[in-house]
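These notes are about the structure you will find just below.
It should be emphasised that the depicted structure is a prediction, and the values quoted were computed from it without experimental measurement. Letters A, B, ... mirror the listed sequences (proteins, then strands); counts begin at 1.
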Amino acid sequence: MGQATRNIANSFTTSGVITSSAVNNTTISGITDLTLGGSLILLSEATASASSSISFTSGIDSTYDEYWFVLNNLHPANNDVTFQFNGSIDSGSNYNVTKTTTFFQAYHLENDGGTGLSYITGSDLAQSTSSQPIMRNINNTDADMSGSGIIKLYNPSSTTYVKHFVGMTNYYHIGGATAVGYFAGYFNTTSAINGIQFTANSGNIDDGTIQMFGVK
Amino acid sequence: MGTRITSLSNNFDSTGKLKAAGINNASLSGITALPSGVAGKMTLLSTQTASGDATINFTSSIDSTYDIYCFRYISIHPSGDGRNFEFNASTDGGSNYNVTKTSTSFIAYHNEADSATLLGYEIDGDEAQGTGYVHLAYNVGGDNDQTCSGEMWLYNPSSTTYVKHWINVSDSYQFNDYQSNTFTGGYLNTTSAVNAISFQFSSNNIDAGTIKLYGVSTS
C-alpha cells in the first residue's frame with residue numbers, strides 16, 4: 001500500500017470501523033443539523049464591558065418561533081440603575097416598537113425587615129415606544145451587585161400577530177434587598193421584530209453577559 | 001488507485017483522518033442515540049399547528065421517558081373574541097379529559113389606554129377538585145393580530161405514586177385591548193399515570209397557532 005492508503009487504513013479498526021481518533025474535526029462542522037441534538041440552540045453571546053448598549057441585530061428571524069435571552073450578572077456602572085430592553089423592526093436602526101406591558105415585583109430585605117409583592121406602575125408601558133424595564137433600581141456600590149434573569153420572545157418574525165414576551169429577573173435592589181421582577185407584554189406591531197437591544201437608564205452596562213438562544 | 005479509492009482518499013487528510021466534508025449526510029439521520037452529556041436535555045417530541053381545531057390533543061409520547069414535559073404554545077389565535085385558553089389531562093390515552101385538579105391563578109394586567117392595572121388572584125380561574133379544563137390565558141382577543149403565547153410545564157406525569165404538578169406562565173392580548181400576564185399552577189390529583197393532554201379555547205375553535213411538546217431529561 002502507498003503511504004496515503006496506509007494512513008487511511010490506520011484510521012480503521014481491524015473490523016473496518018472508524019476509530020475515534022480518525023475524525024480530524026471534533027465538532028464535525030460539516031454537520032448542520034442533528035435530529036437528536038438539543039432544542040436550545042445558542043445563537044449569539046455578548047459580553048458587556050462598559051457598554052452603552054448590547055444589541056442583537058442578526059439571528060432573529062423565522063428560523064425559530066421562540067427566542068430566549070439569558071442575562072447573567074449584569075452590573076451597572078452607576079448606582080440605582082434600571083436595565084431595560086426594546087425591539088426593532090429595521091434591524092437595529094431604531095429601537096422604538098410600541099408596547100403594552102405589565103411589571104410586578106417581590107422583594108425581601110437582607111435584614112429581614114420587610115417583604116412585599118406589588119404591581120409597579122412606574123415600570124409598565126401603555127402603547128409606548130420607550131424601553132421596557134427588566135431590572136429596577138440596581139445597587140452598584142459593591143462589585144458583586146448585579147442582576148440576572150431570562151426573557152422569552154415568541155414568534156418575532158410573524159407579520160400577522162403581535163409578539164408576546166415574558167420575563168423574570170432577580171436583582172440586588174438599592175434598598176438592600178433581593179428583588180424578583182416579573183414582566184410581560186407584547187410588541188404591538190405586525191411587522192417582524194429583527195433586533196433587540198439592552199440598555200441602562202443611566203450610564204453603561206459595566207459587566208455581564210447576554211446569550212441569545214433559539215428554541216427548536 | 002481506482003476511482004473509488006481515489007474518491008475515498010480525497011475524504012481523508014494527509015495523516016489519514018476523515019475530513020468534515022467526508023460525511024455526506026448533514027443531519028446524520030442514521031444516528032438514533034447520543035451519549036449522555038452530548039445530547040440535549042430538552043427534546044422536541046411533537047409539534048401541532050392549529051387550523052380551526054376545536055381541540056389540540058397530545059395522546060402519545062407522554063410517558064416515563066422524561067421526568068418533565070413542557071408544552072410551548074405560540075401565537076394561539078381564537079376564532080371568537082374574549083376566549084380563555086385552557087387545558088385538561090387524561091389517564092386513559094385521551095378517551096376522557098377529566099382529571100381531578102386543584103389549582104391557583106393570579107394575573108397582572110394593564111390596558112393600552114393606561115387607565116387600569118392589576119395584580120391579583122383570579123378566583124374565576126382556579127379549580128378546587130374540579131375535573132374541567134383549567135385556564136392558561138385569559139380573554140384572548142379575536143382581532144386579526146390578537147393571540148396568546150406561553151408555556152406549561154408538567155412534572156413526572158407517569159408517576160403512579162404521586163400527584164402531578166404543573167405550572168404555567170403566559171401573555172395574552174385580550175379582546176378589550178388589555179395585556180395580561182397569567183400565572184397558574186396546581187396538581188392533577190391522581191395517582192394514575194397521565195398520558196394525554198388536551199388544549200382548547202373556552203368556546204369556539206383554535207383558529208391558528210403552534211403547540212410544541214418537549215421532553216426534559218434531568219439525568
Q. Going through the checks in order, is the side-chain hydrogen bond (donor to acceptor under 3.5 Å, both in side chains) test met by A:Thr101 and B:Gln179?
A. CA-CA 6 Å; A:Thr101 69; B:Gln179 174 262 326; 5.3 Å; no
Portion of [X] that has a non-hydrogen atom of chain A nearer than 4.5 angstrom:
{"X": "B:Ser180", "result": "neither"}
{"X": "B:Gln146", "result": "backbone"}
{"X": "B:Tyr173", "result": "both"}
{"X": "B:Asn111", "result": "backbone"}
{"X": "B:Ser172", "result": "backbone"}
{"X": "B:Thr47", "result": "neither"}

Q) Crowded around A:Met145 CE? As in, over 12 foreign heavy atoms under 6.0 Å? A) yes
Which of the residues [options] is involved in the greatest number of heavy-atom pairs with chain A at under 4.5 angstrom?
{"options": "B:His77, B:Glu112, B:Glu151", "answer": "B:Glu112"}
{"options": "B:Thr117, B:Asn144, B:Asp171, B:Val169", "answer": "B:Asp171"}
{"options": "B:Ser170, B:Ser149, B:Ser14, B:Ser115", "answer": "B:Ser149"}
{"options": "B:Asp177, B:Leu118, B:Asp143", "answer": "B:Leu118"}

With rounding to the nearest 0.5 Å, note down the distance linking [atom1] in [X] to [atom2] in [Y].
{"X": "B:Thr210", "Y": "A:Glu66", "atom1": "OG1", "atom2": "CD", "result": "11.5 Å"}
{"X": "A:Gln127", "Y": "B:His110", "atom1": "CD", "atom2": "NE2", "result": "9.5 Å"}
{"X": "B:Asp114", "Y": "A:Asp124", "atom1": "CG", "atom2": "CG", "result": "6.0 Å"}
{"X": "A:Ser158", "Y": "B:Ile74", "atom1": "OG", "atom2": "CD1", "result": "11.5 Å"}

**Q.** Full working for side-chain hydrogen bond (donor to acceptor under 3.5 Å, both in side chains) between A:Thr190 and B:Asp145
**A.** CA-CA 7 Å; A:Thr190 53; B:Asp145 64 346; over 6 Å; no
Does any heavy atom of chain B fall under 4.5 Å from the side chain of [X], the backbone, both, or neither of them?
{"X": "A:Phe165", "answer": "backbone"}
{"X": "A:Thr189", "answer": "neither"}
{"X": "A:Lys152", "answer": "side chain"}

Q.
Run the side chain to side chain contact (heavy atoms under 4.5 Å, CB included) test on A:Val166 and B:Asn181 for me, step by step, so that the C-alpha distance in whole Å, both residues' side-chain angles and the decisive distance to 0.1 Å come before the verdict.
A. CA-CA 8 Å; A:Val166 297; B:Asn181 183 197; 4.2 Å; yes
Who wins among [options] for the most heavy-atom pairs under 4.5 Å with chain B?
{"options": "A:Thr160, A:Leu117, A:Asn188, A:Thr102", "result": "A:Thr102"}
{"options": "A:Val215, A:Thr121, A:Thr98", "result": "A:Val215"}
{"options": "A:Tyr154, A:Tyr182, A:Tyr186", "result": "A:Tyr186"}

Q | Steps toward salt bridge (Lys or Arg N to Asp or Glu O under 4.0 Å) verdict (A:Asp65, B:Lys212) | A | CA-CA 10 Å; A:Asp65 46 26; B:Lys212 294 182 172 183; 3.0 Å; yes
Q) Does any N or O in the side chain of A:His164 come within less than 3.5 Å of the main-chain N or O of B:Ser75, such that one atom is a donor and the other an acceptor? A) no
Q. Looking at the rings of A:Phe104 and B:Phe183, which for Trp means the six-membered one, are their centres under 6.0 Å apart?
A. yes
